[in-house]
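In listed order, ligands and their atoms are each counted from 1.
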Amino acid sequence: MPELPEVETIARGLAKRVTGDVIESVWLGQKKEPLKSPATEIAAALEKSRITDVRRMGKHIVFDLDHVEYGAARAPSRANGRRNRRGKESKSVSPAQTSKAHPQAGGGAGPTPVRAQWIVHLGMTGSLRICEPQTEVAKHTHAILKLSSGRELRFVDPRRFGRLSVSSEFDATGVEPLEVDLDSFVALFRGRKTPIKSALLNQKLLRGVGNIYADESLFRAGIRPRRRAASITCEQLAKLHDAVKEVLKEAIALGGSSISDYVDADGEEGFFQLQHRVYGRESEPCLLCKTPIKRVVIAGRSSHYCPKCQK
Ligand SMILES: [Zn+2]
């Protein structure tokens with residue numbers, strides 16, 4: 001499953017390749033699972049939109065879109081009809097802006113872009129691939145975006161745990177582990193009786209820290225995964241704060257060199273892995289003190305630690 005560093009790497013790779021491109025048309029497959037928003041809504045938000053940025057939020061890839069109404073006479077009414085059927089939430093702002101944009105289209109000032117976001121969660125096996133149109137469509141392709149540059153952006157996902165949705169203002173839960181300052185980080189764990197490992201994996205606290213990176217961060221900070229979050233001193237939490245960022249940044253730096261393998265047609269290529277110090281090394285000697293690494297299960301997840309280096 002792609003973890004935060006992989007998702008960051010993929011988002012950066014996509015940003016380099018597709019920012020500025022315009023989505024001319026969208027094809028969506030028949031399988032329902034990958035579509036978290038209705039197909040009509042996804043198509044309406046994506047078609048004729050310029051990709052202004054691609055970034056990571058938690059483990060989501062967010063495409064920022066400026067909806068530019070080419071051929072404004074036809075497009076807005078179609079978009080209105082589609083969205084009004086749902087007719088609720090803050091999304092109803094978009095059709096209003098669209099209809100405002102319509103009269104301006106002929107007025108010379110140009111249409112006001114309507115902002116939207118395309119949100120992709122890769123799930124277990126999802127990948128986004130930039131292909132030439134003549135490239136054979138892979139099995140398990142659920143979406144194809146035709147870009148004005150002539151390329152196609154395809155979403156492929158054999159196991160269908162990935163999700164595609166559109167939003168006007170996406171907000172993932174939790175704080176960004178790479179951005180959170182020390183005070184806010186410490187506050188996350190105050191009064192929490194759960195093991196620190198579970199707290200690190202709790203997406204409502206931190207976005208996107210996965211099992212491997214939680215184990216590796218706890219090792220570097222010298223904290224046992226089963227320790228109650230609330231019992232950890234500020235000094236140790238400061239170490240953990242540094243360790244989480246360090247581990248994620250190292251993994252992102254490693255992933256950076258394999259971007260092209262991942263987002264191009266050969267989406268199956270993996271990432272260069274961070275050299276694990278504890279994760280997956282049960283019974284192997286600790287790299288620091290040679291004590292065999294222990295494995296325990298916490299909240300259903302394997303946790304690896306050195307019983308001597310971690311207290
Ligand atoms: Zn050790």
Chemist: Report the relative orientation of the aromatic rings in H121 and H60; use parallel for angles under 30°, tilted for 30 to 60°, perpendicular for over 60°.
Modeler: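 It falls in the perpendicular class, over 60°.
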Chemist: Parallel, tilted or perpendicular for H276 and Y279, by the 30°/60° rule?
Modeler: perpendicular
Chemist: Can a donor-acceptor pair be found, under 3.5 Å and without considering hydrogens, that links the side chain of E216 to the backbone of A214?
Modeler: no
Chemist: Side chains of S149 and D21: is there a donor and an acceptor less than 3.5 Å apart?
Modeler: yes
Chemist: Do you see a donor-acceptor pair shorter than 3.5 Å between the side chains of T194 and R192?
Modeler: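 On atom types as modelled, these side chains do not qualify, holding no pair under 3.5 Å.
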Chemist: For the Zn ion (ligand 1), how many protein N, O or S atoms lie at less than 2.8 Å?
Modeler: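 Considering protein N, O and S only, the Zn ion (ligand 1) has 4 within range.
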Chemist: With a 4.5 Å heavy-atom cut-off, do L178 and K249 have their side chains touching?
Modeler: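 Yes. Closest side-chain heavy atoms under 4.5 Å.
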